[in-house]
Amino acid sequence: MNIRITAASVDCVSSAPVILDPNTAHRSLLLSDDLTSVRLNFNNQPVPDNPERFDCYYCVLGSEGFNSGTHCWDVEVKQSYSWSIGVTTASNQRKRLGFFNTGVWCVWYNLFRVSPGSSFGVKQHLDRVRVNLDYDRGTVSFSDPVTNTHLHTFTTSFTHTLLPFFCNYDLSSLRILSINSQ
């Protein structure tokens, strides 16, 4: 089922909601039972150290990759004061500190203004962030759907499968929202 929504000057077409992949979650992250929210827990979870799991950054990937089309999702960030949200290549390194070096397109916010690499820092505290990936046109756009404000757009030529990613450095939850539940 496709849903078309126009908001923040963006048409969103997505065939499935974004859910989190627990096999990629850093062991200090807690995922909700429905795999739509993540929060930091500092108590390491008893999970296997599989190759796809993050070991340095408090990140988790979406369970579905994209290699064509337009996809859009919203993330509630209002309770968190330190986060990064975007897309990355499916083959990007998840072990050690190399994750943000290449193949990442994201926006971030934290009180300390510490950048996680080549990304765009949001200066204001937001309630929600909308991610709009147009794989075929080579754009990832970020906006504030509450105020209908454009935040940033990256333009490139995508050649690899892309996955949504979510980094949460805060005890509060990041929550993926259904676009039509606003």
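The shown structure was predicted, so the numbers you read here are calculated from the model rather than taken from an experiment.
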- Task: Kindly indicate whether the side chain of C72, heavy atoms from C-beta on, has any atom under 4.5 Å from the side chain of N132.
- Result: yes

- Rounded to the nearest 0.5 Å, what's the gap from CG on L174 to CD on E76? Could you check? 9.5 Å

- Message: Under a 3.5 Å distance rule, please check whether D127 uses its side chain to pair with a backbone N or O of K78 as donor and acceptor.
- Response: no

- Note on the structure: The reported gap from CZ in R175 to OG in S80 (rounded to nearest 0.5 angstrom) is 13.5 Å

- With a 4.5 Å heavy-atom cut-off, do T153 and F142 have their side chains touching? no

- Can you list the residues that meet the side-chain contact (heavy atoms from CB on, under 4.5 Å) rule with Q45, with sequence neighbours excluded? L30, N41, V47

- Query: Would you say S82 and N168 make side-chain contact, with heavy atoms under 4.5 Å?
  - Reply: no

- With sequence neighbours left out, write down each residue that passes ring pair (Phe, Tyr, Trp, His ring centres under 6.0 Å) with Y135, or none if nothing qualifies. F158

- Would you give the length of the straight line joining atom CD1 of I176 to atom OG of S37, rounded to the nearest 0.5 angstrom? 8.5 Å

- T24 side chain to D21 backbone, donor-acceptor under 3.5 Å: yes

- Message: With a 6.0 Å cut-off on the ring centroids, do Y58 and H26 count as close?
- Response: yes

- Message: If you compare all heavy atoms of A25 against all heavy atoms of L31, which two are closest, and at what distance to 0.1 Å?
- Response: CB-CD1, 4.2 Å

- Give the C-alpha distance, both sets of side-chain angles, the deciding distance and a yes or no for side-chain contact (heavy atoms from CB on, under 4.5 Å) between N23 and N50. CA-CA 8 Å; N23 293 320; N50 51 347; 3.7 Å; yes

- Query: Angle class for the F66/W73 ring planes (parallel below 30°, perpendicular above 60°, tilted otherwise)?
  - Reply: parallel

- Task: Enter the distance from Y169:OH to C59:SG here, rounded to the nearest 0.5 Å.
- Result: 4.5 Å

- Task: Measure the shortest side-chain to side-chain distance between T89 and T161 over non-hydrogen atoms and say whether it is less than 4.5 angstrom.
- Result: no

- Would you please name every residue forming a side-chain contact (heavy atoms from CB on, under 4.5 Å) with L163, sequence neighbours left out? L61, A90, R94

- Donor-acceptor contact present, side-chain R130 to main-chain H150, <3.5 Å: no

- Message: If we ignore hydrogens and angles and just use 3.5 Å, is the side chain of R53 paired with the main-chain N or O of P48 as donor and acceptor?
- Response: yes

- For H125, ring pair (Phe, Tyr, Trp, His ring centres under 6.0 Å) partners two or more places apart: Y81, Y109

- Message: Is a donor from one side chain sitting under 3.5 angstrom from an acceptor on the other, for D134 and T139?
- Response: no

- Query: Is there a side-chain contact between D170 and L40, using heavy atoms and a 4.5 Å cut-off?
  - Reply: no

- Message: Aromatic contact between F120 and F154, with the criterion being ring centroids under 6.0 Å apart: yes or no?
- Response: no

- Task: Could I get the full list of ring pair (Phe, Tyr, Trp, His ring centres under 6.0 Å) partners for F99, not counting sequence neighbours?
- Result: F54, F165

- Task: Would you please say whether a donor-acceptor pair under 3.5 Å links the side chains of D144 and T147?
- Result: yes

- Query: CG of N44 to OG of S28: how many Å apart, nearest 0.5 Å?
  - Reply: 4.0 Å

- Task: Kindly write out the residues that satisfy side-chain contact (heavy atoms from CB on, under 4.5 Å) with D49, not counting sequence neighbours, or none if the list is empty.
- Result: K95

- Is L20 close to S63 at the side-chain level, that is, under 4.5 Å between some pair of heavy atoms? no

- Query: Rounded to the nearest 0.5 Å, how far apart are CG of L97 and OH of Y57?
  - Reply: 4.5 Å

